[in-house]
Chemist: 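Please find one structure pasted underneath; my questions will follow.
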Amino acid sequence: MSCNHNCDTCGEKCYAPQTDQPHELSRIKRVIAVVSGKGGVGKSSVTSLLASAMNKKGYKSAVLDADITGASIPKMFGVNGALEGSETGIFPATSKAGIKIVSSNLLLENETDPIVWRGPIIANMVKQFWTDVIWGDVDYMFIDCPPGTGDVPLTVFQSIKVDGIIIVTTPQELVSMIVEKAVNMANMMKIPLLGIVENMSYVLCPYCNERIDVFGNGDAVGAVAKKFGLPLLAEIPYDAKLVAAADGGKADTVECEYIVPAADIIESGLPVSDGH
Ligand code: ADP
């Protein structure tokens, strides 16, 4: 509560991040971590849509794929091949539209090879994606965190200077519990929560364009957002176009109007909630 951001003179036990320095040739202005309670809710899709939306606005955007064992970002952007490096560091891959990407999948001989490393090695890799990669100039970096609140997300928040966290959830998830966990984690790490993106929340009737809430639980996510004082940044329907774009490596170019409100809020830098 009384953090003076000087850990040398403070005897408190806390989880406030003592972040590592990025590579000396990296100038990264804003870092936003995208989290979810479990896999398959569209966290990587939302991460790539956000990076792409900021890129379309004219910002230099980047994705650090910290979902080491479930890395899907390169495929979504149609990027493959091994990352190149020099004595100074590793160079990120670049998507067609110019989004910089680093992912464990770009270090594998075969993108279908499984990653069978244990937690600490995986966590260390994420750290190196921050410290050893020559990111150059980046306005907005989005981190695709692994789902849940395990080792790796903890490393992300302890070693990378994250400016804000976005939670992705679907209406079927136990939204309240997931959001509460994320709020608690953000508070422990002293990182602001930017808000919630509700994904696969409804479908649009192809004939009359009427919204159909297939999960029939009304505005569950909105209610939870309100309860925790978090903005609902975007509501994304189930949209086959997004699957096609992700599978076809077209995350760069897909038009997704639903993500625009979230991108506008990120651009404005507000509102930021402390989760209380
Ligand atoms: P996560 O990162 O949470 O595991 P992904 O982003 O990989 O989830 O998404 C899981 C699957 O759901 C992917 O096939 C993706 O294309 C699809 N998907 C995600 N969001 C949507 C959406 N709004 N509409 C349709 N399909 C979606």
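In listed order, ligands and their atoms are each counted from 1. Every heavy atom of this structure was used, including side-chain atoms; hydrogens, water molecules and symmetry mates were not.
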Chemist: May I ask you to check whether Ser44 and Ser72 show a side-chain donor-acceptor distance below 3.5 Å?
Modeler: yes

Chemist: By number and element, which atoms of ligand 1 are closer than 4.0 Å to a non-hydrogen atom of Lys43?
Modeler: 1 (P), 2 (O), 3 (O), 6 (O), 8 (O)

Chemist: Within the distance-only criterion (no hydrogens, no angle test), does the side chain of His23 pair as donor or acceptor with the backbone N or O of Thr88 below 3.5 angstrom?
Modeler: yes

Chemist: Looking only at N/O atoms, are Asp67 and ligand 1 under 3.5 Å apart anywhere?
Modeler: no

Chemist: Between Lys127 and Asp132, is the closest basic N to carboxylate O distance under 4.0 Å?
Modeler: no

Chemist: Any nitrogen or oxygen of Val243, main chain or side chain, under 3.5 Å from a nitrogen or oxygen of ligand 1?
Modeler: no

Chemist: Would you check if there is a donor-acceptor pair between the side chains of Thr131 and Asp20 at a distance under 3.5 Å?
Modeler: no

Chemist: Under a heavy-atom criterion of less than 4.0 Å, does Pro237 contact ligand 1?
Modeler: yes

Chemist: How far is atom 7 (O) of ligand 1 from the closest protein heavy atom, and which atom is that?
Modeler: Met76 CE, 3.8 Å

Chemist: What do we get for Ser44 next to ligand 1 when only non-hydrogen atoms under 4.0 Å count, side chain, backbone, both or neither?
Modeler: both

Chemist: Tell me yes or no: between the side chains of Asp252 and Ser95, is some donor less than 3.5 Å from an acceptor?
Modeler: yes

Chemist: Can you confirm, on distance only, whether ligand 1 has an N/O atom lying under 3.5 Å from any N/O atom belonging to Asp239?
Modeler: yes

Chemist: Using heavy atoms and a threshold below 4.0 Å, how should the contact between Lys75 and ligand 1 be classified: side chain, backbone, both, or neither?
Modeler: neither

Chemist: Measure from atom 15 (C) of ligand 1 to every heavy atom in Ser45, Ala245, Gly40 and give the option owning the shortest one.
Modeler: Ser45

Chemist: Is it true that Glu255 and Lys250 make a salt bridge, defined as a side-chain N closer than 4.0 Å to a carboxylate O?
Modeler: no

Chemist: Should you measure from each heavy atom of Ile236, which atoms of ligand 1 turn up under 4.0 Å away?
Modeler: 23 (N)

Chemist: Do Val35 and Val168 come close enough that some side-chain heavy atom pair is under 4.5 Å?
Modeler: no

Chemist: Between Asn199 and ligand 1, which part of the residue brings a heavy atom under 4.0 Å of the ligand: side chain, backbone, both or neither?
Modeler: side chain

Chemist: Counting only nitrogen or oxygen atoms and a 3.5 angstrom limit, does Gly42 reach ligand 1?
Modeler: yes

Chemist: Is it the case that Tyr140 and Glu267 place a side-chain donor and acceptor less than 3.5 Å from each other?
Modeler: no

Chemist: What I want to find out is whether Arg27 reaches Asp137 closely enough, with some N-O distance under 4.0 Å, to be called a salt bridge.
Modeler: yes

Chemist: Using a 4.0 Å cut-off to any heavy atom of Ala246, which atoms of ligand 1 qualify?
Modeler: 16 (O)

Chemist: Ignoring hydrogens and angles, tell me if any N or O in the side chain of Asn199 forms a donor-acceptor pair with the backbone of Val41 under 3.5 Å.
Modeler: yes

Chemist: For atom 12 (O) of ligand 1, what is the nearest protein heavy atom, given as residue, atom name and distance?
Modeler: Met200 CE, 3.9 Å

Chemist: Find all atoms of ligand 1 within a distance of less than 4.0 Å from any non-hydrogen atom belonging to Leu242, and give their numbers and elements.
Modeler: 22 (C), 23 (N)

Chemist: Please classify the Ser36 to ligand 1 contact at 4.0 Å (heavy-atom distances, strictly less than): side chain, backbone, both or neither.
Modeler: neither

